[in-house]
*Asks:* 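Here it is, the structure in full.
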Amino acid sequence: MPLRIFNVLGREKQDFEPLEPGHVTMYVCGPTVYDHPHIGHAKTYVAFDVVTRYLRHSGYNVLYVQNITDVGHLLDSGEDRVLRKAAQTQSKPMQIVEMYTKSYFDAMDALGVRRPDISPRASGHVPEQIKMIEKLLEKDVAYVANGSVYFDVSKDPDYGKLSNRRLQEQEAGTREAVRGEKRNPEDFALWKKAEPEHILRWESPWSEGFPGWHIECSAMALKYLGPTFDIHGGGIDNIFPHNESEIAQSECANDAEFARYWMLVGSLTVDGIKMSKSLGNFITIADALKRYRPEVIRMFMLSVHYSSPVDYSEEALEAAAKGWERLYNAVRLTRRAANDSNESGADANGFLERVEQARTAFFSAMDDDFNTPIAIASLQELTRDVNSLLNSGTPVSSAVLTAINDTYSQLGGDILGIVPADEIETGGSAQREAALVELLIRMRAEARANKNYAESDRIRNELAEAGVILEDRADGTVWKTE
RNA sequence: GGCGACGUGGCCAAGUGGCAAGGCAAGGCUCUGCAAAAGCCUGAUCACCAGUUCGAAUCUGGUCGUCGCCUCCA
C-alpha cells in the first residue's frame, strides 16, 4: 500500500509520489528565535520528526530543511521581535538570536527530535532574498514604494489557493503607517526600508533595510531544495499570510510549482485556550520536561492526528503518562526476559504471527497520512497480548522475545520515539545501585520465606520511598526506578 | 462579516456507506501473604432535525454549539 498524504493544497488525501523516486525534499517553517520554545513548537516539530523518521524507515532518502528566523519577523507594532527583545535585555540582537537558537535546539534534542539536515538562518541569506526580490520586480509582480518593496497580489491570480481566500473578501488589516505605500491593502512586504533606530539592516538596491518575513522561506527553500520540492510543512496558524505568500513569491519568481504536498499541523491549546504570555498559560518545553518524560510528551502529542488541534492539560498528560507506563512496563519485561531466556527453538506460542500482525497494522496506519493514534493503538493491543504471554508462565523462546523487543524498539523507538533505547547501564554507580537493590531483594525474599511479612514489607516500603519500586512476579521479584 | 476545522461512552481519541479501534478513569473478578504489575468482564447507536440509500457516525441540506485563521504566532 502506498503512502498517502492529506494535501492541504487541494484538501484531499493523495498517493505520495516524490519528484525523484526514492528521494524526498522537505521544508518546514522553523521558529523565530526571540524567546524560549513552547509546547506548541513541540507539537509541530515532533510531528515532522516522526514524518521524517517514518519516511526514512520506509526507504526514502530525505533532505529536511528547517529555517531559523532571526530577522524580519515583525510585531504588529512594526517592531522586529528580535530587536525588541534585544532592547529589553540590553543585548545585541545576535546575542538574542544565539541564545534562543541554542534554547530551541536544546529543547528539541531533549524531546528526541532529530535535527534537520540543514538549519539555515534568514540573516545569513539576505543576498539570496534580494536576488529573489529583484526577479519579482523584473517580472512586474512587485513594486518599490518609498524604499520598500511590496508584492502586488493583484498580479497573481493564484494568490489564495492554499488558504482559500479571495482578495476582495479581505479586510484591510494593515498597519496605518504603511497603508499609504501599498497599492492593495493585501500586498505584503518583500523588503522594508529601515527606520533610523532599526539596527538589523542590510544594503539593497532600494534602501538600507531588511527583508520581509515571508521571503526568507522562499529564498532558502530555493537555495537548498530547488524551485520545486516535495513536502512543505508548518503550523496551520501560518497558512495565511505566511504560507500563501511563500507560494506566491516562489511560483512567480521561479515560474515553477513550489511545494507539491502541504502538510500543516493543528494548533495546541492549553486548558482549552490559546497559549499566550499575557494569559499566563505560556508553557515552555523546558517547563513541560520538568514534569514529564520526553517520551510521555511525545506520546501525548502523537495520540492525536497531526492535523488536529490538541489541548494540553494536566489531566491529559497524566493520562498519557499512565498509558506510556503500561507500554514501557511491557517493554522492560520483554527485555528482561530476553536477557534471561535460554529457551531456544521454535515459536511454541505461535506469537511471531501476532507480532507480525501488529507490525502490519502499524505500518498501514502510518501509511495512511501518518495516523499515529492508530499506530500507537496497534502497539497497545500488542502490549496486552505480550503481557498475557509473559505472565502466562509458559516458556517463551528467545526468538519470540527478540522479535517483540525489535518491534518495540523499531516501531515505538526508532519511528515514534516513545520507547527508550535498550541501553544497558554500565556506569559504576548504576552497577552499584543494581547490586545494592538486588541484595535488598534477596534479604526481603528470605524474610518472605520465613513469613516475616513485617520485615519484607518494610524493605519494600523503604525502597519505595527511595524511588525503587518492587514487584513480585511468579518467577521472582523485579525492580524499577520511578 | 469572510475562510477553515470540529461536535463519537465520565475524559482523550480513531473511524469518509455494511455489525462503533485504542488509551485514561470507574465498578466487578482473577492472580498475589499483602501490595504492585498484569489479564478478564461491564458501558456509547456517534450534537439535533430532515433527506439520499437495501443500508450512514460516515453523503446532502438545515439548526444549535465549540474552536482556529482573517493582525504577530509552530
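Hydrogens, waters and symmetry mates are skipped; everything else that's a heavy atom, side chains included, is used. Quick note on labels: first sequence line is chain A, next is B, and so on, each numbered from 1.
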*Asks:* So A/Glu471, base contact, sugar-phosphate only, or nothing? Heavy-atom distance under 4.0 Å.
*Replies:*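 The residue A/Glu471 makes base contact.
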
*Asks:* What nucleic acid atoms does A/Gly30 come within less than 4.0 Å of, heavy atoms only: base, sugar-phosphate, or nothing?
*Replies:*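 The residue A/Gly30 makes sugar-phosphate contact but no base contact.
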
*Asks:* Take the angle between the ring planes of A/Trp262 and A/His232 and call it parallel below 30°, perpendicular above 60°, tilted in between.
*Replies:*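 If you compare the ring of A/Trp262 with that of A/His232, the planes turn out parallel.
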
*Asks:* Whole-Å distance between B/G22 P and A/Met299 CE?
*Replies:*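 Checked: the CE to P distance equals 14 Å.
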
*Asks:* Using the C1' atom as the reference point in each nucleotide, state the distance between B/G10 and B/A25 in Å, no decimals.
*Replies:*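 Per the computed distance, 7 Å lies between those C1' atoms.
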
*Asks:* Would you indicate which nucleotide in B/C40, B/A21, B/A74 comes nearest to any side-chain atom of A/Arg384?
*Replies:*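 The listed nucleotide nearest to A/Arg384's side chain is B/C40.
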
*Asks:* Using the C1' atom on both, measure B/A14 against B/G22 and round to a whole Å.
*Replies:*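 Roughly 7 Å separates the two C1' atoms.
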
*Asks:* Please confirm whether the shortest side-chain N or O distance from A/Asn371 to OP1 or OP2 of B/A14 is below 4.0 Å.
*Replies:*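 For B/A14, OP1/OP2 do not have a side-chain N/O of A/Asn371 under 4.0 Å.
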
*Asks:* B/A38, B/A21, B/A74: which one has an atom nearest the side-chain heavy atoms of A/Glu381?
*Replies:*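 Minimum distance to the A/Glu381 side chain belongs to B/A21.
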
*Asks:* Looking at every strand, decide which applies to A/Ala377 at a 4.0 Å heavy-atom threshold: base, sugar-phosphate, or nothing.
*Replies:*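 Result for A/Ala377 = base.
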
*Asks:* Could you check whether A/Leu268 gets within reach of a base, just the sugar-phosphate, or nothing at all, counting any heavy atom under 4.0 Å?
*Replies:*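 A/Leu268: base contact, heavy atoms under 4.0 Å.
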
*Asks:* Can you tell me if A/Thr334 uses its side chain to pair, donor with acceptor, with the backbone of A/Leu401 under 3.5 Å?
*Replies:*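 Answer holds: no.
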
*Asks:* Rounded to the Å, how far apart are A/Asn243 CG and B/A74 P?
*Replies:*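 My rounded result for the distance is 11 Å.
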
*Asks:* With rounding to the closest Å, how many angstrom separate the P atoms on B/C67 and B/A44?
*Replies:*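 After rounding to an integer number of Å, I get 30 Å for this pair.
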
*Asks:* Work out how far the P atom of B/G68 is from that of B/G39, and round it to whole angstrom.
*Replies:*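 The same atom, P, in both gives a distance of 38 Å.
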
*Asks:* Measure all distances between protein nitrogen or oxygen atoms and nitrogen or oxygen atoms of nucleotides 64-66 of chain B, and list the pairs falling under 3.5 Å.
*Replies:*
none

*Asks:* Quote, to the nearest angstrom, the P distance that separates B/A57 from B/C19.
*Replies:*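 About 11 Å, rounded to a whole number of Å.
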
*Asks:* What does A/Val265 touch in the nucleic acid at a heavy-atom separation under 4.0 angstrom: a base, only the sugar-phosphate, or nothing?
*Replies:*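 Touches nothing.
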
*Asks:* Picking from B/A14, B/A38, B/C24, which would you name as closest to the side chain of A/Asn329?
*Replies:*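 The nucleotide sitting nearest to the side chain is B/A38.
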
*Asks:* Which residues satisfy the salt bridge (Lys or Arg N to Asp or Glu O under 4.0 Å) test with A/Lys290, sequence neighbours excluded?
*Replies:*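 By the salt bridge (Lys or Arg N to Asp or Glu O under 4.0 Å) rule, A/Lys290 matches A/Asp287.
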
*Asks:* Each nucleotide N or O in nucleotides 30-34 of chain B that has a protein N or O under 3.5 Å away: list the pair and distance.
*Replies:*
{"unit_1": "B/G33", "atom_1": "N7", "unit_2": "A/Arg448", "atom_2": "NH2", "d": "3.4"}
{"unit_1": "B/G33", "atom_1": "O6", "unit_2": "A/Arg448", "atom_2": "NE", "d": "3.3"}
{"unit_1": "B/G33", "atom_1": "N1", "unit_2": "A/Asp457", "atom_2": "OD1", "d": "3.0"}
{"unit_1": "B/G33", "atom_1": "N2", "unit_2": "A/Asp457", "atom_2": "OD2", "d": "2.8"}
{"unit_1": "B/C34", "atom_1": "O2", "unit_2": "A/Arg460", "atom_2": "NH2", "d": "2.6"}
{"unit_1": "B/C34", "atom_1": "N3", "unit_2": "A/Arg460", "atom_2": "NH1", "d": "3.0"}
{"unit_1": "B/C34", "atom_1": "N3", "unit_2": "A/Arg460", "atom_2": "NH2", "d": "3.3"}
{"unit_1": "B/C34", "atom_1": "N4", "unit_2": "A/Asp472", "atom_2": "OD2", "d": "2.8"}

*Asks:* On a whole-Å scale, what distance lies between the P atoms belonging to B/U53 and B/U58?
*Replies:*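 About 16 Å, rounded to a whole number of Å.
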
*Asks:* How far does the C1' atom of B/A74 sit from the matching atom of B/G23, given to the nearest Å?
*Replies:*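 Between the two C1' atoms, the distance is 26 Å.
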
*Asks:* Rounding to an integer number of angstrom, what distance separates B/U16 and B/A47 when you compare their P atoms?
*Replies:*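 To the nearest whole Å, 15 Å.
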
*Asks:* Please work out if A/Leu264 contacts a base, only the sugar-phosphate, or nothing of the nucleic acid, heavy-atom cut-off 4.0 Å.
*Replies:*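 Since no nucleic acid heavy atom lies under 4.0 Å of A/Leu264, the category is nothing.
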
*Asks:* Output yes when a side-chain donor or acceptor of A/Arg4 lies under 3.5 Å from a complementary backbone atom of A/Asp367, and no otherwise.
*Replies:*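 No; zero donor-acceptor contacts below 3.5 Å.
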
*Asks:* What's A/Gly234 touching, base or sugar-phosphate or nothing? Going by heavy atoms closer than 4.0 Å.
*Replies:*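 If one applies the 4.0 Å heavy-atom cut-off, A/Gly234 turns out to touch the sugar-phosphate alone, with no base involved.
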
*Asks:* Under 4.0 Å, counting only non-hydrogen atoms across every strand here, what does A/Lys322 touch: a base, just sugar-phosphate, or nothing?
*Replies:*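 Answer is sugar-phosphate: A/Lys322 comes under 4.0 Å of backbone atoms only.
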
*Asks:* So which protein N/O to nucleotides 4-10 of chain B N/O distances come out below 3.5 Å?
*Replies:*
none

*Asks:* Any side-chain N or O of A/Arg326 below 4.0 angstrom from OP1/OP2 of B/G22?
*Replies:*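 Checking A/Arg326 against B/G22: no side-chain N or O falls below 4.0 Å of OP1 or OP2.
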
*Asks:* Specify whether A/Phe188 and A/Phe151 have parallel, tilted or perpendicular ring planes, treating 30° as the upper limit for parallel and 60° as the lower limit for perpendicular.
*Replies:*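 The rings of A/Phe188 and A/Phe151 lie parallel, inter-plane angle below 30°.
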
*Asks:* So A/Asn391, base contact, sugar-phosphate only, or nothing? Heavy-atom distance under 4.0 Å.
*Replies:*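 Result for A/Asn391 = sugar-phosphate.
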
*Asks:* Does A/Leu440 have any side chain to side chain contact (heavy atoms under 4.5 Å, CB included) partners at least two apart in sequence or in another chain, and if so, which?
*Replies:*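 For A/Leu440 the side chain to side chain contact (heavy atoms under 4.5 Å, CB included) partners, ignoring immediate neighbours, are A/Met443, A/Ile459, A/Leu463.
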
*Asks:* Using a 4.0 Å heavy-atom cut-off, does A/His38 contact any base of the nucleic acid, only the sugar-phosphate backbone, or nothing at all?
*Replies:*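 Base, at least one base atom sits under 4.0 Å.
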
*Asks:* Using side chain to side chain donor-acceptor pair (under 3.5 Å) as the criterion, list what pairs up with A/Arg293, not counting sequence neighbours.
*Replies:*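 A/Glu295.
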
*Asks:* Using a cut-off of less than 4.0 Å, is there contact between a side-chain N or O of A/Ser392 and OP1 or OP2 of B/A38?
*Replies:*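 Answer is no, no contact under 4.0 Å.
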
